[in-house]
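Data block below; observations after.
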Amino acid sequence: MKVCVIGLGYIGLPTSVMFAKYGAEVVGVDVHPHVVESLNKGEAHLEEPGLQELLNEALENKKFKAQLVPEPADAFIIAVPTPNNLNDNMSCDLTYVLQAVESTIPYIRKGSTIIVESTIAPRSIEDYVQPLLEKNGFTIGEDIYLVHCPERVMPGNIFHELINNMRIIGGITPSCSDAGEKIYRTFVKSKIVKTDAKTAEMSKLMENTFRDVNIALANELTKICNDLHINALDVIEMANMHPRVNIHSPGPGVGGHCLAVDPYFIVAKAPETADLISRSRSINSSMPFYIVEKVKKIMEIVNGRTITIGGLAYKGDIDDIRESPALEILEMLKSEKDYEVRAYDPYVYHADNAQNLKEALRGSDLFLILTDHSHFKTIHDEDINRMANKVIFDTRNIVLNVPVDCEYFNLGSVHEFLNKPVMHV
Ligand code: SAJ
């Protein structure tokens, strides 16, 4: 089988080398000449455990090559970005997907399968991709097959999940879904569920929307509880003891390229009805402001000037800063001229990043933990002793050992600190 993968990013490149490992002949296509060049030289341009080894293997076995233009293949897999349009409702920008599909048209032959893996708004395949192919004379389900097979892997564990996560294959016709299934069976060991394209599109979006809505509930609960002087984290722990309850964790906001992006694709398609989804996005987007407001009050109480931010990545133990609420908070605090703001993230390269935590905490009045990196689980005396005021605001509830002479609070207990009348450190 010959597979042509369009877009050699976080999804397209691992998918390419996976097909190559399982015997397919793979042509990887990317618009960036430096990506094509470095891959053909055997240098993976992305970090992912196992990627470099599989790329070496694929090149050695002559099963993979990268180039700027597609060539005829049995399957064309589209794995290009789908950003939000910068309009009021942040709808799904299909420009790259449609350009990628268009680029394959001269190379499609009878029996080829066109697969879109990019995350797309509901009905995108039916309303945009299908007409584009039909306009070029193809009959879907007869001459060629068209499916949406959403990617659902987690960076850091991609190769395991590509094989073991169940896949949803949404075809325009049942024959399209069958053709898609045959292709993914090359390496997928788990269940493959066949459906239509629009159901596949919506189910992928709803996985991340489910999480976003549930995190919004936890964040709203936290705001309510702080106003009522109740510890929200205790409430969540207790409520979650019920066998059918699973309240998520509150935090400084929701980042990353999935939860903070995908729900808008649904809202933009149904602005009148997607009320809860839309409100949830607003609640989660309000969290950086909520944290900054609390930080200002804390700084007033401690009569301090220097803030040290712990973590810039959008979640723990990764280097990804896309849509990170920590960056938003950093910028908001930096724009307040009363503060000196520093940051320390062991994974991220950033201009404001200190060399190490000790240096970042020297003379500081507040250690504001924004990312749940394992690094912050244990607080070392030699780091904290450098602070002018030993105060920790742990918005991720990650710290396991609180030094005795330290003021520590999290999103559950911040109201207790804020309601103490005088400076106490
Ligand atoms: N977060 C909270 N509270 C929680 C859980 C998460 O505030 O209780 C925050 C995180 O700190 C982070 C954001 O939400 O800022 C998103 O984190 P995440 O781990 O929930 O999601 P992603 O975007 O890293 O990965 C998701 C995953 N989807 C689901 O769990 C349904 C992953 O499996 C998908 O592969 C990925 O999106 C994707 O590609 O769609």
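Atoms within each ligand, like the ligands themselves, are counted from 1 in listed order. Numbers for residues simply follow the sequence, beginning at 1.
Under the salt bridge (Lys or Arg N to Asp or Glu O under 4.0 Å) criterion, Glu201 pairs with no residue at all, not counting sequence neighbours.
Centroid-to-centroid, the aromatic rings of Tyr347 and His375 stay 6.0 Å apart or farther. Aromatic rings of Phe19 and Phe187 (six-membered ring for Trp) have centroids within the 6.0 Å cut-off, being under it.
We find that Asp338 and Lys296 are not joined by a salt bridge, their nearest charged nitrogen and carboxylate oxygen being 4.0 Å or further apart. Ion pairing between a basic and an acidic side chain is recognised when a charged N comes within 4.0 Å of a carboxylate O; Lys204 and Glu117 show no such pairing.
Near ligand 1, heavy-atom contacts under 4.0 Å come from Glu151, Arg152, Val153, Met154, Lys204, Glu207, Asn208, Arg211, Ile215, His248, Ser249, Gly253, Val254, Gly255, Cys258, Leu259, Tyr314, Lys315, Arg396.
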Walk me through whether Glu71 and Lys2 qualify under salt bridge (charged side-chain N to carboxylate O under 4.0 Å, His left out). CA-CA 10 Å; Glu71 57 180 68; Lys2 186 163 166 189; 2.6 Å; yes

